[in-house]
Structures are given as C-alpha cells and as structure tokens.
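Please read the structure below before turning to the comments.
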Amino acid sequence: MAVSWIFRFLFFTLTVTSVMGKVKNAGGVSGQESDLVTNLPGQPAVTFRHYAGYIKLRQTDEKALFYWFFEAQNKVAERPLVLWLNGGPGCSSVAYGAAQELGPFLIRSNSSELLLNKFSWNKAANLLFLEAPVGVGFSYTNKTEDLSKLGDKITAEDSHAFLIQWLKKFPNFKSHEFYIAGESYAGHYVPQLAELIFDRNKRASKDTVINFKGFMIGNAVINDVTDQNGFVDYAWSHAIISDRVYHTILKECDFKQDNQTRACMLSFRGLLQAYSDIDIYSIYTPVCLESLDSKRSRSKLVTAPKAFTQHMFKRPYMPMPQNWTIHTHHAAMLSGVGMILLAPRFL
C-alpha cells in the first residue's frame, strides 16, 4: 500500500508539472524549459536536470505520449542519448524502469523519500524513459477507438513519431549518438523501432534524421522456442540444475510442440525446485527467507515460457487487443547482469 500511495503522489506531481509547463510556455518559456521538474517531493539534492511532460505525436491525431528525461550526471554534451522501454505489453517505463530499476530516483515501500540510485544509468548517458503505447502509464489518446488499434507496428510508429517531436523540443540532443534499450516484451519493441528508424533515416530530411547507433535488450521476449531453450541453457550453464536434469530436458522436451511428455514436465519441476531459494530474476542477489524452517516453495514466476505455464501454472487473465503478439517468457533466460548488445546490421 505504501509504494502504491507514493507512486500516485509522485507521478501526479510529475503530471501537474507538465500541465503547468504548458501554461508557462504560453508566457514565453522555451519548449524544453517548460517541462523542467523543479520541485519533486522527496527528491534528494542533485546537480543534473530532469524533465517530464507530454509529446503530441501528430497534428492529425489525438495521441500524446508521456516521458521522463534525465540529463547525464556529468559531461551532458558528450554523453549518448538512451531511450528506455519496458515491456509488458503495458508495463510503465516510468513507474518500473525509472522508479524501480535504472533511473536516478528509486521508490521504496518504507520511506516517503526518494532514494538516490548509485547505479543509475544517467551516470553514463542522457536517459529518456517513454510510456508507450497510448494507454500505458500517463500516455493517452482522446479517441477511444485508438485503444482498440494497438500492436507492435503501431507502437513502433508512435514511438518514432515521439522521437521526431521530442528532438524538436530538445534540439541540443539531436546530434548525440542515440541508442535504444529495454527488457521483457521490449524484445519486440526495441528491434522493431530500430528497424523503423533505420528505414526512415534513408529518406529523412535534416530535421527528421536520428543519429541511431545501436540497441540493447535484456531478459528479452523473442519467441517461445528461443525463450524456453534459453531458460534451460541458462539454468544449466550457471550450475542451477544438474547435468542429469539438463540432459533429460533436452531428450524429453520438444519446445516446438505445445504438449509435453510427462517425463519432460517432471524434469521441469526439478528445474523450478532448484530455484526455490534463489531469486530467479537475479541469481546472485541474496534473498530474505520468511523462515529458515519454512518449506521450500515453488519459485514465484511473474511470467514463464508457454510450455511451462500450460502445464504447471495458472496463467493470469490479461485482456489485450486481438492483434497483439503475445509471447510469455522467463526473465532468468538472461539474468539482470547480462544484456544483449547489438549494433544495427547497417553499422
């Protein structure tokens, strides 16, 4: 409850700041300065600036995407610009990526003050968090029918339109090297946006070209077969499961099929049991056990590969537009300490 209350208050403040910026902008304040955050509750003292606000995508539609942008902690003019996207589909990059993972200000349940993140990515880059598509976080549309026309392609188109308009508002970052990063379902968002930027850059004008250099994805949703094989290989290569369990899974399981054999599923139960006292999303992180005498419980998976959930877990109901491409996965496939760093094929 505490975290929920703090989230609501914090992001209400960011939204009010954005709206008030529109009013100030009418009085002559420059575009980006109108989004400058100057009085965030609970914020520790910092030397870098940060901005939050809305970018209207096109004159012809009613969509506006919300962002939170942090300048680098030093050498702003020399640092690259990095766009961060959480996955889902439907996960907020602001509420999760910025406030729980890699942003400079973290929210904790036991304090109303923001915690300064000593591992924040804005130590190395200018960091831009985007809520996409519309309907995620504070991003919105004034046309109800837009909410029934969502999917990977539209998300990429809208994110590209956002970047074009955002760089017009922040022209001092237009020449910076630009990278895209993300996790989970951003295994779709990131490469699809990267490809779209590459294709559009071929015929872009000086005003719309983006200085794109590469992208990173971690714990990525790619496709079921790849994700499931990766889950098993990761557990074995990090000594979480035995050679016997590993080779039994390889022998008995065919991830191209929806229905697995009993021997396959028994082996997977052994794999999941091996994670009982391990943080499956960060295997080297110490975990707090409620009781040393408590029974070993099944690992609490937020998401899991399709073959696992079909036989072992009750999949939560998640209403989504019919044209979404849904791929379940498991984040342990690529641990939080490992990222896939990819340069575009054209570099």
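Hydrogens, waters and symmetry mates play no part in the numbers below; they use all other heavy atoms, side chains included.
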So if I apply the side-chain contact (heavy atoms from CB on, under 4.5 Å) rule between His50 and each of Leu36, Val37, Asp35, which one comes out positive?
Val37
For residues Asn223 and Thr226, is any side-chain donor paired with an opposing acceptor at under 3.5 Å?
yes
Between the main-chain N or O of Ile107 and the side-chain N or O of Gln100, is there a donor-acceptor pair closer than 3.5 Å?
yes
Decide, yes or no, whether a salt bridge links Arg58 with Asp158 under the criterion of side-chain N to carboxylate O below 4.0 Å.
yes
With ring pair (Phe, Tyr, Trp, His ring centres under 6.0 Å) as the test, would you mind laying out the steps for Tyr54 and Phe138 before giving the verdict?
CA-CA 9 Å; Tyr54 285 99; Phe138 289 115; 7.3 Å; no
Is a side-chain donor-acceptor pair under 3.5 Å present for Asn122 with Ser120?
yes
Of all heavy-atom pairs linking Gly214 and Phe212, the shortest is O-CE1, 3.1 Å
Partner of Trp166 under side-chain contact (heavy atoms from CB on, under 4.5 Å), picked from Leu130, Leu83, Leu81, is Leu81
Side chains of Asn211 and Glu177, donor plus acceptor under 3.5 Å:
no
Acceptor/donor pairs from residues 246-256 side chains to any protein atom, 3.5 angstrom cut, sequence neighbours excluded:
from: Tyr246; atom 1: OH; to: Asp233; atom 2: OD1; distance (Å): 3.0
from: Thr248; atom 1: OG1; to: Arg244; atom 2: O; distance (Å): 2.7
from: Asp254; atom 1: OD1; to: Lys256; atom 2: N; distance (Å): 3.1

Is it true that a side-chain atom of Lys56 and a backbone atom of Asp61 form a donor plus acceptor pair closer than 3.5 Å?
yes
Mind checking the CD1-OH spacing from Ile240 to Tyr275? Nearest 0.5 Å is all I need.
3.5 Å
Might you point out which heavy atoms bring Gly90 and Tyr189 nearest each other, and give the distance in Å?
N-OH, 4.3 Å
Hits for side-chain hydrogen bond (donor to acceptor under 3.5 Å, both in side chains) against Asp146, two or more places apart or cross-chain, chain-then-number order -> Thr141
For a quick check under 3.5 Å, do Glu145 and Ser148 share a side-chain donor-acceptor pair by atom type?
no
Any side-chain heavy atom of His188 sitting closer than 4.5 Å to one from Val221?
yes
Checking the side chain of Ser282 only, and the main-chain atoms of Asp279 only, is there a donor and an acceptor separated by less than 3.5 Å?
no
One should read off an interatomic distance between Ile210 CD1 and Ile180 CD1, to the nearest 0.5 angstrom, of 8.0 Å
Are the side chain of Ser93 and the backbone of Glu131 linked by a donor-acceptor contact shorter than 3.5 Å?
no
Please name the residue in the list Phe178, Phe69, Phe162 that meets the ring pair (Phe, Tyr, Trp, His ring centres under 6.0 Å) test with Phe170.
Phe69
Is any side-chain heavy atom of Arg79 closer than 4.5 Å to one of Asn74?
yes
